[in-house]
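Bear in mind that the values here come from a model prediction, so they are computed numbers and not experimental data. Below, chains carry the letters A, B, ... as their sequence lines are ordered, and counting in each starts from 1.
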Amino acid sequence: MPMEKTFNAAEAEERLYAAWEMAGAFKAGANAKPGAETFCIMIPPPNVTGSLHMGHAFNNTLQDILVRWHRMRGFDTLWQPGQDHAGIATQMVVERELAKDKSNATRREMGREKFLEKVWEWKGKSGDTIITQLKRLGASCDWSRNAFTMSGAPGAPASDEGNFHDAVIKVFVDMYNKGLIYRGKRLVNWDPHFETAISDLEVEQIEVQGHMWHFKYPLAGGETYEYVEKDADGNVTLRETRDYISIATTRPETMLGDGAVAVHPSDERYAPIVGKLCEIPVGPKEHRRLIPIITDEYPDPSFGSGAVKITGAHDFNDYGVAKRGNIPCYRLMDTKAHMRADGAAYAEAAAVAMSVARGEKTLSEAETDALNLVPDDLRGLDRYEARSRVIDQITAEGLAVTVLMKSIDKETGAEHLERLPLVEQNRMMQPHGDRSKVVIEPMLTDQWFVDTAKIVEPALEAVRKGMAAQEAGQFDKTANYTRILPERDAKTYFHWLENIEPWCISRQLWWGHQIPVWYGPDGKAFCGDVYEAAIELAEEHYWALHEAGTLAQTLGYSEDVRIKGIKVFAEEFGDIVRHDEMGRERAVPVDTAHVEVLSDGDGTVIGIFLERDPDVLDTWFSSGLWPIGTLGWPEETEELKKYFPTDVLVTGFDIIFFWVARMMMMQLAVVDQVPFHTVYVHALVRDEKGKKMSKSLGNVLDPLDLIAEYGADAVRFTLTAMAAMGRDLKLSKDRIAGYRNFTTKLWNATRFAEMNDALRQHVGGTEAARKPDATHTVNRWIIGETARARLAVDEALAAYRFNDAANTLYAFVWGKVCDWYVEFAKPLMDGDDANETRATMAWVLDQCYILLHPFMPFITEELWGQTGQREKLLVHADWPECGADFIDETADREMNWVIALIEEIRSARAQMHVPAGLKLPLVMTAMDEKGRAAFARNEPMITRLARLDGMTEGTAPKGAITVPVEGGSFAIPLEGVIDIAEEKARLFKTLEKLEKDLNGLRARLSNPKFVESAPEEIVEETREKLTLGEDEAAKLNAALKRLSEIG
RNA sequence: GGGUGAUUAGCUCAGUGGUAGAGCGCUUCGUUCACAUCGAAGAUGUCGGGGGUUCAAAUCCCUCAUCACCCACCA
């Protein structure tokens, strides 16, 4: 059955993918040669909530190219797929899903266990959307090994394989035991929408219009001081008596939690009042809090008034000052960033805070945190509502700093000056949650941290070594180091890691790996992989206390309780929801609700109940273990032994910090090995205007739509051809259409072969590699060109220069095979060389399919199947090894000569407006031996492609156009057809251009320094160019002269 | 404020020391038996400005301008 006219991608893709899967073509080790080297890529796991976007398409196309390329070359290849459980994103999706039906219970109503059931249910239903989509792209992952970062966690369906959970928990426990993980009350980025802490990286700075208010903090007891301002020369510009200190703030509502006012130690203006107390000008008048004026390096004397209010619990800079100055940090908000409504009434709390400020009392951290200093009338308000009330109250009291401003009376229209509160408007960067998009509230809470400073060094060292080796050209992929390509991204990596902050890994969510720590009633933490382990630790701990005689006291029993024994219990989940001090929910084991004291006559056995930490781990903590976790660690699996360390990580620059750096740190910390030898960082896919694709801008190109419209091969090839290292990629549909045309071109070249019986029927897969026996120059030439293409593709891919590889193939297939070889083959198809040409063409096309397969897997597999009875699918065909020995320099030179001649003739014809259909005679006016032989061997091709009507030897007749070539000259008589003036113009133009080049060459050669300093080969090349050029110029001059004689 | 990068044909971009290329677009011609999702021919560039190193610079160095991104941040 003859081939269709074009490739029907929509029809073929699904069928072909199914065939690959059916054949197990993507399985780990498929097509591996005996004893082969391994090649392993870990997919950057897409979120389980994800659907394929352009970034995925790009990222996975590049991986697929590397994987298919290695697999065809016989490597023992594994492309490990999987998905990330994506804590916040998934919890959000499921909650939203539940909310769609009002009859559903909310997450809180249903409780932790029930909710997690729902999440698992959702995952089972919708979790593999992206897998289906990756398949449409042609991704050749070993889906039988599909991994999930929550596999093996409690609640996971029994049918699911894998146990990533154990690996995560084991790492946590190990790191905890090594002191690499700690818990502490720190100021963290709090997302009030999701009510969880988030890491620095999950915070996004967004520029917003901000306001800055200026308020007066009166000095205690009405005290006054001489406020003096000086200019740069020390001249006094302002001198006045003040009874206040002026403060600027963008967050007036946090004034309620101020612990001090700070000024720079060198600031003379405030020197007289340092150490004194001032009053926070808000709250009930009779309970105004006094706070000290302190010095710290942080305030910038040249900014604002030079004095800064210090709210340690709600600002990162202030927190630092508070820590240094031992200033209490008063938390003002709850988990929703509403003003606190808990604890004692304001009057009582303020009194306590006052005695602290006066130094009469000190509070523990917990006591300080328990103190609610929000005035009663502001309690429970949203932070922004509280802000505006605070401003109103202060302004009403006359304590806002005012300025004289022109204002217009609305009724009379009269202009007058008025004192108005000073509110500066300025653009400022404000932290937002990257998922919730709400303003982040710095919040003092207990969180778990990875002490990154302790594990960062090996991760830095490994890349330093890798980059050094790369630079020195001595990169060894078996060494325990890693290179990052392009180099620029290594710089980013270094910069971040060299300035790394502790990593907050606890999240107040339910969906995720629950932290394996249990707390005793005395607050003591016990960390173990399972609760039995925690119980063991707890028993040890409490027995020790018991033996020391302090157990009763520690647990709050009266001292005369005689303790005989201890029994420890723990529950992982509970049904009772209790609120902790932050107002957030904690699932509490039901049994702890009634701790029993068991008597047994002789003494007392105390039942001690451990409560598990309700928090889960940051998603990136688990994905940081992706390389070992997917291979079965901590078990010493075959796969782990074989494929780890993996080879290449292909990823976008946006997750260098989130993921790459953490994988490096964690793999090195856990197994002391780098997770991969190479990180290839690619850029972002943008829209055709260079804008980041985003849903809100509506400029998103959906890869699935594009695949439907142009076929997966065209989409893949476009992305690859544009994947210049390190540069953003602006995608346009025109470009994709262009590469779709390329697939059609390949298809039609095959059709030509089919029509000419030039396909290799009944030839096995391995046969494809055999070099065809060719004697004709054309065939020897194209064989060499094919080898060149193969060498260039391999070299480009080895260097991760995907665009070079793609462009090489494009130029080869279209520019060489289709434009020239197929055309040359036409006249040969019914001559003596027909069989040889058919065989060569079949071979060349096979090489095209094979070489293009990693880039365009579908159409090439289809063509492979349609053009022969093959032993193997193309996906497992042997990668060509044709190399330099396939290149025939003689044939090369000859064909280049032929091509140049044809192009010359065509060009001359076009410029002389010779009708395209008109066949012209050719006259050889002069030619050397080589030229004659070349012409003779290729005459049918030249005649056909240049549209000639035979060749004769002789002198150029009058009114002929001249065609100079290397070694001789041709003429085409066009008496009466050509316009002499036009031909002269044509020749003159050519000559002019040539002369310009020649002058440049002559100038270089006449410069003695050039001849002296430039490399021999460059000088020689320049000389050759000059000789050839001068030769041609002579011919052109002669032709011009002839024309002048007749014209 | 710190960092990184970009500036090349009308557009989008390759090009890391040897005298500038591709795709798209544009102009002219063409229903030659693989392909009009095509073919042939063609036009278009002070390689952002200035300075330097070099026999030789789009390429290396300095500087200026503009733009982009990342990180941090002024209460």
Side-chain angles (χ1 to χ4, degrees), chain A residues 3 5-7 200 205 212 214 247-251 254 262 298-300 302-311 315-318 321 426 428-429 431 486 488-489 491-492 495-496 499 653-654 656-657 683-684 688-690 692 710 714 718 721-722 724 726-732 734-735 737-756 801 803-804 807 810-811 815 818-819 822-823 825-826 902-903 906-911 913-917 919 944-945 947 997 1000-1001 1003-1005 1007-1015 1017-1019 1021-1022:
Chain A
M3 289 171 66
K5 218 169 166 183
T6 55
F7 174 56
D200 299 347
Q205 300 288 341
M212 193 155 76
H214 296 256
I247 303 291
T249 181
T250 54
R251 304 207 51 200
T254 65
Y298 163 60
D300 173 2
S302 63
F303 185 84
S305 69
V308 184
K309 66 192 228 29
I310 300 302
T311 320
D315 182 282
F316 284 94
N317 287 311
D318 292 7
V321 177
N426 37 19
M428 53 182 248
M429 297 300 262
R488 181 195 329 150
D489 292 282
K491 286 187 196 166
T492 316
H495 188 258
W496 190 68
N499 299 286
F653 73 89
D654 48 335
I656 293 178
F657 308 138
L684 221 60
E688 53 193 318
K689 294 190 193 77
K692 201 167 164 171
Y710 300 101
T718 308
M722 297 178 82
R727 269 266 296 237
D728 280 350
L729 181 161
K730 288 178 199 159
L731 191 64
S732 77
D734 285 349
R735 198 75 191 247
Y739 288 113
R740 186 267 328 269
N741 296 352
F742 176 55
T743 65
T744 308
K745 191 78 182 169
L746 177 68
W747 185 266
N748 278 295
T750 304
R751 269 185 79 214
F752 171 81
E754 184 203 35
M755 290 171 182
N756 287 280
R801 302 181 65 94
N803 56 324
D804 283 354
N807 291 328
Y810 186 92
C818 295
D819 285 351
V822 169
E823 295 303 327
K826 286 174 185 173
I902 294 167
E903 281 180 336
R906 280 174 172 173
S907 179
R909 287 176 62 117
Q911 283 175 67
H913 310 293
V914 176
K919 294 189 174 173
R944 183 185 174 108
L945 296 192
R947 303 199 64 68
D997 288 350
L1001 296 171
R1004 286 165 71 188
L1005 284 166
N1007 182 345
K1009 281 185 177 167
F1010 170 73
V1011 183
E1012 208 172 283
S1013 326
E1017 45 190 89
I1018 296 291
V1019 178
E1021 201 183 303
T1022 312

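Residue Asn1007(A) places its side chain closer to C55(B) than to any other of C70(B), A41(B), C55(B). Ranking A34(B), C74(B), G30(B) by closeness to the Cys818(A) side chain, first place goes to A34(B). Set against G39(B), U16(B), A75(B), the side chain of Arg801(A) has U16(B) as its closest nucleotide. When distances are taken from the side chain of Met722(A) to each of C35(B), A72(B), U12(B), the shortest belongs to U12(B). The side chain of Arg906(A) has A41(B) as its nearest neighbour among A41(B), G39(B), C70(B). Relative to the side chain of Ala910(A), the nucleotides C35(B), A41(B), C74(B) differ in distance, and A41(B) lies closest. Here G5(B) is the nucleotide among G39(B), G5(B), C73(B) with the atom lying nearest to any side-chain atom of Lys491(A). For Thr250(A), the listed nucleotide lying nearest its side chain is A75(B); candidates were C38(B), A75(B), C29(B). For Ser907(A), taking side-chain heavy atoms from C-beta onward, the closest of the listed nucleotides A41(B), A34(B), C74(B) is A41(B). Looking at the side chain of Arg947(A), the nearest of the listed nucleotides C74(B), A34(B), U32(B) is U32(B).
In terms of phosphate contacts, Thr744(A) brings no side-chain nitrogen or oxygen within less than 4.0 Å of OP1 or OP2 of C38(B). Here Lys826(A) reaches the OP1 or OP2 of A34(B): one of its side-chain N or O atoms lies under 4.0 Å away.
If you check every strand for non-hydrogen atoms under 4.0 Å, Arg740(A) touches a base.
Phe7(A) meets the ring pair (Phe, Tyr, Trp, His ring centres under 6.0 Å) test with Trp747(A); sequence neighbours excluded. In this view, Phe316(A) and Leu187(A), Asn189(A), Pro442(A) satisfy the side-chain contact (heavy atoms from CB on, under 4.5 Å) rule, not counting sequence neighbours.
Taking atom P on both nucleotides, C69(B) is separated from A75(B) by 22 Å, rounded to a whole Å. The separation of G25(B) from G42(B), taken at their C1' atoms, amounts to 14 Å, rounded to a whole angstrom.
The shortest distance between side-chain heavy atoms of Ile310(A) and Asp315(A) does not fall below 4.5 Å.
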Where protein sits on nucleotides 17-26 of chain B, one letter per nucleotide: B base, S sugar-phosphate only, - none, heavy atoms under 4.0 Å: -BB---SS--

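Pairing for C26(B) is with G42(B), a Watson-Crick or G-U wobble pair whose two hydrogen-bonding atom distances lie under 3.5 Å. With a cut-off of 3.5 Å on both Watson-Crick or G-U wobble distances, the partner of A57(B) is given as none.
Mapped onto RNA chain B by nearest heavy atom, Glu823(A) and Gln911(A) fall at different nucleotides, with Glu823(A) at the one closer to the 5' end. With RNA chain B read from its 5' end, the first of the two nearest nucleotides for Ile902(A) and Ser302(A) is the one closest to Ile902(A).
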